[in-house]
Every structure is written in C-alpha cells, then in structure tokens.
Amino acid sequence: MRLRNITGSREFIAENEFCIHNPEEMKGVWREEIFHNDHPLYLEIGMGKGEFLHTLATTNPEINYLGIEKYSSVLYRAIEKRQQTDIDNLFFLRFDATYLDTIFGPGEVDRIYLNFSDPWPKDRHAKRRLTSPQFLALYDQVLAKDGIIQFKTDNRDLFDYSVEVVEESERWKIEEITYDLHHSNQLEGNVMTEYERKFTEKGNPICRFVIRRGA
Ligand code: SAM
C-alpha cells in the first residue's frame with residue numbers, strides 16, 4: 001500500500017509521541033521502556049493504515065502491540081486514528097522489517113501478524129515477500145519459543161508459495177489453514193483489516209494460516 005505522498009508526513013512522524021524513533025535502543029527492553037509492563041508483545045508487519053491493530057489494542061488491553069510500516073504516508077493515517085483513542089498499548093515504527101533482528105532481542109516477540117503482504121510476483125523479488133525463507137529465518141530469531149505467526153491474504157499465488165516455504169522448512173509447522181476464511185469454522189475472533197474488507201466485499205476468498213515451530 002503506497003498512498004500519494006502526504007506533504008509533511010515525515011516531519012509529523014518524526015515528532016509523534018506514538019512512534020518509536022530509536023527502535024535499535026529498545027532491543028531487549030521494549031516491555032520495560034515503552035509499555036512499562038511485562039505483557040506479551042505482538043507485532044503486525046506491514047500494517048498499512050493500522051485498522052487491524054487498532055481494533056486488537058482497544059479490545060485486548062493486556063497485550064502490547066507494535067505496528068511496523070515502511071512508508072510514512074501510510075503510517076500517517078494510522079497515527080491520525082491512534083490519536084483519537086485513549087489507550088496505552090499501541091505504538092508504531094516507520095521501519096523496514098528486513099532489519100527486524102536489529103531492534104528485537106532473541107525471543108522478545110510473542111506473535112507476528114502478516115496481513116495482505118505485498119505479493120512481489122516476480123521471481124527475482126521473491127526475497128522481499130514477508131513469508132520468504134529469509135524473513136522466516138528473521139522471525140525465528142525474534143519470536144518466543146511458543147510464538148506464532150498468522151498470515152492472511154487473498155492472493156492465492158502468494159499463499160501457495162508461502163505454504164510451500166513452510167512445508168519445505170524443517171523449522172515451522174502449519175497449525176491452522178483455510179483457503180476461505182469467511183466460510184470456514186476458523187472465522188470466530190477474526191479481526192478484519194482494510195484490505196480484507198475490500199477483497200471480501202469483492203467476493204475474493206481469504207486464505208489464512210497459523211504456523212509455529214515444529215517439535
Ligand atoms: N496490513 C494492511 C491490511 O491488511 O490492510 C496493509 C496491507 S498492504 C498491501 C502491505 C503493507 O506492507 C504496505 O503498507 C507496505 O508499505 C508494507 N510493507 C511491505 N514490506 C514491508 C517491510 N519490509 N517492512 C515494513 N512494511 C512493509
């Protein structure tokens with residue numbers, strides 16, 4: 001998701017109280033320094049305008065949430081919404097997830113959400129897919145032992161690729177999977193994202209898996 005460039009969005013983010021500006025310094029101490037508690041830490045990578053995390057954070061005050069987004073113009077919209085809500089368990093980072101291991105210590109993250117990640121359809125860009133072996137190796141470094149990764153998309157090619165990556169890895173196992181979430185018995189508790197609403201309204205089936213490390 002790349003919105004039209006919003007004039008001043010970089011400056012706005014640089015001064016915003018809900019954005020973490022020195023994430024490398026928080027490595028290993030996110031709970032103490034940012035959230036001031038010992039609650040679980042959940043991330044969404046590529047959160048777009050942040051509707052999903054916003055809903056989760058308002059309904060689960062006992063969980064700490066961090067949204068990671070690469071582009072200022074998208075993050076700007078998430079912050080606008082965040083500013084209208086009185087919660088203390090949701091912060092954002094303008095950051096490229098390629099460098100995740102520079103900002104989280106081993107096992108520091110309890111859950112990772114990947115929602116409607118960019119598909120990068122060309123083979124030569126496969127490494128940029130957030131479910132590539134390279135990204136799964138990064139998640140392996142920062143995710144707690146029992147941590148999970150949840151992935152949703154309407155892009156069947158990206159989903160099939162991701163399932164293959166997981167099945168070929170010796171590290172991860174699929175715990176839940178559906179190729180049509182909204183007509184499955186896994187829908188309970190589902191929180192919609194902006195993209196999910198848009199694609200569901202068009203009638204696209206939504207694929208979802210949950211993975212964790214194998215025994
Ligand atoms: N998750 C939202 C949803 O479901 O509505 C937005 C989905 S949008 C298609 C994907 C988002 O991921 C874009 O906003 C993009 O900028 C962001 N993104 C892609 N690669 C990223 C990366 N390596 N690090 C951080 N954000 C990334």
Side-chain angles (χ1 to χ4, degrees), residues 1-6 9-10 12-13 18-21 23-24 26 41-58 65-82 90-104 109 111-122 124-143 149-159 161-162 165 178 181-182 187 189-202 204-210:
M1 179 192 293
R2 209 171 330 176
L3 295 180
R4 249 179 316 113
N5 192 34
I6 298 174
S9 59
R10 255 177 194 267
F12 174 78
I13 288 164
F18 301 119
C19 287
I20 309 302
H21 306 293
E24 287 84 2
M26 296 304 135
L41 179 61
Y42 290 9
L43 307 183
E44 184 183 7
I45 300 178
M47 62 160 193
K49 296 186 208 162
E51 182 178 329
F52 173 81
L53 277 191
H54 197 266
T55 308
L56 283 179
T58 47
Y65 293 96
L66 274 180
I68 297 183
E69 172 52 54
K70 204 156 68 163
Y71 291 111
S72 309
S73 48
V74 189
L75 184 51
Y76 182 91
R77 296 295 182 209
I79 296 170
E80 281 188 323
K81 193 173 168 73
R82 171 72 180 84
L90 175 59
F91 289 89
F92 304 128
L93 303 176
R94 188 174 65 76
F95 191 76
D96 183 339
T98 310
Y99 308 103
L100 213 59
D101 55 334
T102 66
I103 62 170
F104 295 109
V109 175
R111 184 171 295 188
I112 296 175
Y113 293 109
L114 305 172
N115 291 321
F116 298 83
S117 309
D118 295 334
W120 295 108
K122 293 187 178 140
R124 67 189 155 90
H125 292 147
K127 276 191 198 166
R128 299 182 194 177
R129 298 174 193 151
L130 292 180
T131 50
S132 67
Q134 291 79 3
F135 272 103
L136 287 190
L138 268 181
Y139 307 149
D140 195 15
Q141 290 185 53
V142 303
L143 200 62
I149 301 171
Q150 179 187 280
F151 174 51
K152 290 197 278 189
T153 183
D154 71 317
N155 186 310
R156 186 59 192 265
D157 287 343
L158 177 65
F159 195 69
Y161 162 86
S162 308
V165 169
T178 171
L181 176 62
H182 290 258
L187 189 59
N190 182 56
V191 172
M192 294 268 257
T193 80
E194 286 100 2
Y195 271 62
E196 184 170 356
R197 180 162 298 111
K198 190 168 84 180
F199 293 130
T200 305
E201 280 167 9
K202 279 168 101 180
N204 297 6
I206 306 299
C207 303
R208 171 184 173 273
F209 69 47
V210 174

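Indexing begins at 1, ligand by ligand and atom by atom, following the structure's order. Both backbone and side-chain heavy atoms feed into the values below; hydrogens, waters and symmetry mates do not. Residue numbers count from 1 along this sequence. Note that the structure is predicted; figures quoted are calculated from it, not measured.
Between I45 and ligand 1, no pair of N/O atoms sits closer than 3.5 Å. The shortest N/O to N/O separation between G46 and ligand 1 falls below 3.5 Å. Where the criterion is an N or O separation shorter than 3.5 Å, residue side chain and backbone included, S117 fails it with respect to ligand 1. The N/O atoms of E196, backbone and side chain alike, include none that comes under 3.5 Å of an N/O atom in ligand 1. For ligand 1, the polar-atom distance check finds no N/O of T98 at less than 3.5 Å from any of the ligand's N/O atoms.
Atoms of ligand 1 lying under 4.0 Å from any heavy atom of E44, numbered from 1 in the order shown and given with element: 1 (N). Listed by number with element, the atoms of ligand 1 under 4.0 Å from a non-hydrogen atom of N115 are 1 (N), 2 (C), 4 (O), 7 (C). Less than 4.0 angstrom separates some heavy atom of D118 from each of these atoms of ligand 1: 9 (C), 10 (C), 15 (C), 19 (C). Near Y71, with a cut-off below 4.0 Å to any heavy atom, the atoms of ligand 1 are 16 (O). Annotation for ligand 1: atoms under 4.0 Å from non-hydrogen atoms of D96 are 22 (C), 23 (N), 24 (N). For ligand 1, the atoms lying closer than 4.0 Å to a non-hydrogen atom of F116 are 4 (O), 7 (C), 8 (S), 9 (C), 10 (C). Distances below 4.0 Å separate heavy atoms of E194 from the following atoms of ligand 1: 5 (O). With ligand atoms numbered from 1 in the order given, ligand 1 contributes 24 (N), 25 (C) to contacts under 4.0 Å with heavy atoms of F95.
Relative ring orientation between Y42 and Y65 is described as perpendicular, the plane-to-plane angle rising above 60° on a 0-90° scale split at 30° and 60°.
Outside the 6.0 Å centre-distance limit, the rings of F92 and F18 are not counted as a close aromatic pair.
If you take CG on L100 and CD1 on I68, they are separated by 5.0 Å, rounding to the nearest 0.5 Å. Note: R197 CZ to K202 NZ = 15.5 Å, rounded to the nearest 0.5 Å. For the atom pair L75 CG and R10 CZ, the distance stands at 11.0 Å (nearest 0.5 Å).
Distance alone, capped at 3.5 Å, places no donor-acceptor pair between the E51 side chain and the T193 backbone. In this structure, the side chain of S162 engages the main chain of L158 through a donor-acceptor pair within 3.5 Å.
Taking each of E69, K70, R197, R129 in turn, the one with a heavy atom nearest to atom 15 (C) of ligand 1 proves to be E69.
Under 3.5 Å, the side chains of E196 and N115 contain no donor-acceptor pair of N or O atoms.
The proximity of M47 to ligand 1, defined as any non-hydrogen pair under 4.0 Å, is limited to the backbone.
For the residue pair T98 and D101, the shortest heavy atom distance occurs at O-OD1, 4.4 Å.
Qualifying ring pair (Phe, Tyr, Trp, His ring centres under 6.0 Å) partners for F95, counting only residues two or more places apart in sequence or in other chains: none.
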